[in-house]
Number of protein chains: 2
Amino acid sequence: MLKEERHQFILNEVRIHNRVLLTDIADLLKVSVDTVRRDIKELHNTDQLKKVHGGAISLGFNTYSPVGKKVYSLEKKSQIAEKAITLIKEGQVILLSGGTTNLELARRLPSKMKLTCFTPSLPIAVQLLTKSNVEVIFIGGRLSKDSQITVGGSAINMLSEIKVDICFLGTNSIHPVQGLTEFDWEIVQMKKAMIHSSRKVVSPCISEKIGSLQRYKICGTEDVDVLITELEPWDIKLDAFKTMNLQLL
Amino acid sequence: MLKEERHQFILNEVRIHNRVLLTDIADLLKVSVDTVRRDIKELHNTDQLKKVHGGAISLGFNTYSPVGKKVYSLEKKSQIAEKAITLIKEGQVILLSGGTTNLELARRLPSKMKLTCFTPSLPIAVQLLTKSNVEVIFIGGRLSKDSQITVGGSAINMLSEIKVDICFLGTNSIHPVQGLTEFDWEIVQMKKAMIHSSRKVVSPCISEKIGSLQRYKICGTEDVDVLITELEPWDIKLDAFKTMNLQLL
DNA sequence: GTCATATTTGCCATATTTTGCTGTAATTGA
DNA sequence: TCAATTACAGCAAAATATGGCAAATATGAC
């Protein structure tokens, strides 16, 4: 692998996540942390990102990180993404909401499978640009700076005109009784519209988010067709969902 | 095998993969690495690719980061961007087409000025995310992988619903008689729509592109209100435009 | 055809760059 | 404060770059 490739990769990660960990990059690229450290140093010296202890952040980084510290539960999200990909078939039309899990999914889309992919997420669109086999259609609208997805009437309007095969709905909170909830009103509206635009709703969700509750309701569990977690099928956290009419992965 | 054949082969590989390894090429073509090295050196000297340690990468490899592109052109573009910014007033609604010059413009937008900015360009949207004072509205549609902007009916439709104060129209070719031209049909359609959606059309254009001509016509010079170049006002290249009803910067 | 000349190519010896590793210092979080 | 992680400098091995050289090939004039 060329040094320039690594540089591009790192910059891309920074663009998408606003921050990267040295160790994650080293892991992903299978090189030593020293090499990544040197790469980041170079990119720092040429003002392409900002080097910080343990990694790097984007230059215009606005210190606000919605999820808190561990943006990367890379391991779990990768597992979920791998499971999710098994649901996709050649030639299908899919819809990816925002969120880091869906970003992982986008990253792992097989490069041979022809797909059409709708998304309102800027990072996911950037990621999908590298997949020559995927036709990307971006849902336009006002860009929310926090979530880096488009929101608002225009976006919802565009969603109302489509009907896709599968929607992968990144989920902040899922509760056996209350269903899916969200703390941002505009995102709630977007997600509702996405559900209406899809034949099948898949909810990739890391286990920490199971049982949690936010201010606004998106939909009940009955609107979700498949719930994907990183847990084993017999895990106790999933018990509450087993009686329901939804597939567990 | 002829040298020319090797050159074509290498360029093709670079086009397809965006990068090549010296050793791979030598292996594939059954020639020594020295030969490939010399080939790449030649292609580098004639600006057909970029030589790096261990191989070569395509010229537009790091699409997002203007750093690494040709430095001289970056300087010109920066100058143009600086001039362009003087046209923008607090609270206005602007429209940025794609292109690296507009990307520079986006990067340099003052952080205190409140603005609303429409754009179909993914790199520009990413850049604008860092500007907390700018409301970004992304023109949705099918993403063209080459130009990294959205194109197609949906995008043009969305454009038809807006009327902005200023449109900065990244320009590939401007000709005193033929006007603005472009080589990609879909982008032509987008740019036409952008012109219709704007009260004022500004065309930032580095001097190399003056007088050049592409396959498809976007509009005549009469549709352009302001032409911004990096040249001094008295430069001979601008003479042809001086009699026209357009402002030169 | 022959000779002289120029180009191309592979090989070699010698720099230079890159990379991982080591030991030590600095930073972080509890 | 301590313990763990991360940073940094220096080193050595591997990979790559460079310039010189000679053999092979092509070119062109006679």
Side-chain angles (χ1 to χ4, degrees), chain A residues 1-14 17-59 61-78 208, chain B residues 1-14 17-59 61-62 65 67-68 70-71:
Chain A
M1 164 166 267
L2 296 170
K3 192 171 66 167
E4 279 69 18
E5 286 183 87
R6 283 200 316 272
H7 285 191
Q8 273 316 113
F9 182 87
I10 293 169
L11 284 175
N12 204 36
E13 288 295 296
V14 168
H17 295 105
N18 266 339
R19 54 172 275 185
V20 294
L21 302 184
L22 256 173
T23 47
D24 281 338
I25 299 286
D27 236 38
L28 285 168
L29 298 183
K30 310 261 184 267
V31 292
S32 74
V33 283
D34 299 76
T35 303
V36 181
R37 203 194 310 286
R38 276 184 278 241
D39 286 337
I40 287 181
K41 198 175 201 171
E42 259 189 74
L43 293 169
H44 174 94
N45 290 338
T46 52
D47 281 330
Q48 312 205 53
L49 47 68
K50 182 149 187 262
K51 185 165 85 73
V52 296
H53 194 98
I57 59 177
S58 81
L59 284 176
F61 188 49
N62 47 357
T63 53
Y64 172 70
S65 171
V67 199
K69 301 191 172 187
K70 200 123 204 205
V71 173
Y72 267 35
S73 327
L74 195 58
E75 185 72 9
K76 293 180 182 177
K77 289 180 177 172
S78 303
E208 283 104 71
Chain B
M1 163 162 271
L2 296 172
K3 191 169 70 164
E4 294 307 317
E5 288 183 87
R6 282 200 316 272
H7 284 194
Q8 285 311 311
F9 182 86
I10 293 170
L11 284 174
N12 206 36
E13 286 294 300
V14 168
H17 300 109
N18 266 338
R19 56 131 228 205
V20 292
L21 300 185
L22 211 55
T23 48
D24 283 348
I25 300 287
D27 236 38
L28 284 168
L29 298 183
K30 310 264 183 262
V31 292
S32 73
V33 284
D34 301 76
T35 304
V36 181
R37 205 193 309 287
R38 276 184 279 243
D39 286 337
I40 287 180
K41 198 176 202 171
E42 259 189 74
L43 293 169
H44 173 93
N45 289 337
T46 52
D47 282 330
Q48 314 207 54
L49 46 69
K50 179 152 189 249
K51 185 166 88 75
V52 297
H53 195 99
I57 58 179
S58 77
L59 284 178
F61 188 57
N62 43 359
S65 141
V67 184
K70 294 235 198 80
V71 181

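Keep in mind that the numbers below use all heavy atoms, side chains included, and drop hydrogens, waters and symmetry copies. Chain identifiers are assigned alphabetically (A, B, ...) following the order of the sequence lines, protein sequences preceding nucleic acid strands; residue numbering begins at 1 within each chain.
Residue B:Ile25 contributes atom CD1, which lies 16 Å from atom C1' of D:dT16 at whole-angstrom precision. Computed from coordinates, the A:Arg37 CZ to D:dG10 C1' distance equals 14 Å when rounded to whole Å. The distance from atom NZ of B:Lys30 to atom P of C:dT8 is 23 Å, rounded to the nearest whole Å. With rounding to whole Å, A:Leu21 atom CG is found 12 Å from D:dT5 atom C1'. The nearest whole Å value for the distance from the CG atom in B:Leu29 to the P atom in C:dT8 is 17 Å. Whole-Å rounding puts the B:Glu4 CD to C:dT9 P distance at 10 Å.
Residues satisfying the side chain to side chain donor-acceptor pair (under 3.5 Å) criterion with B:Lys3, sequence neighbours excluded, are B:Glu42. The side chain to side chain donor-acceptor pair (under 3.5 Å) test applied to A:Thr23 returns no partner, not counting sequence neighbours. Qualifying side-chain contact (heavy atoms from CB on, under 4.5 Å) partners for B:Asn12, counting only residues two or more places apart in sequence or in other chains: B:Arg15, B:Ile16. Annotation: side chain to side chain donor-acceptor pair (under 3.5 Å) contacts of B:Gln48 (sequence neighbours excluded): B:Thr46.
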| field | Per-nucleotide protein contact string for nucleotides 13-19 of chain C (B base, S sugar-phosphate only, - none; heavy atom under 4.0 Å) | value | ----SSB

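Inter-residue side-chain proximity for A:Leu2 and B:Ile57 is flagged as met; some heavy-atom pair is nearer than 4.5 Å.
A:Val52 comes within contact range of the sugar-phosphate backbone alone, with a heavy-atom separation under 4.0 Å but no base atom that close.
The salt bridge (Lys or Arg N to Asp or Glu O under 4.0 Å) analysis of residues 30-40 of chain A, with sequence neighbours excluded, yields the pairs A:Arg6-A:Asp39.
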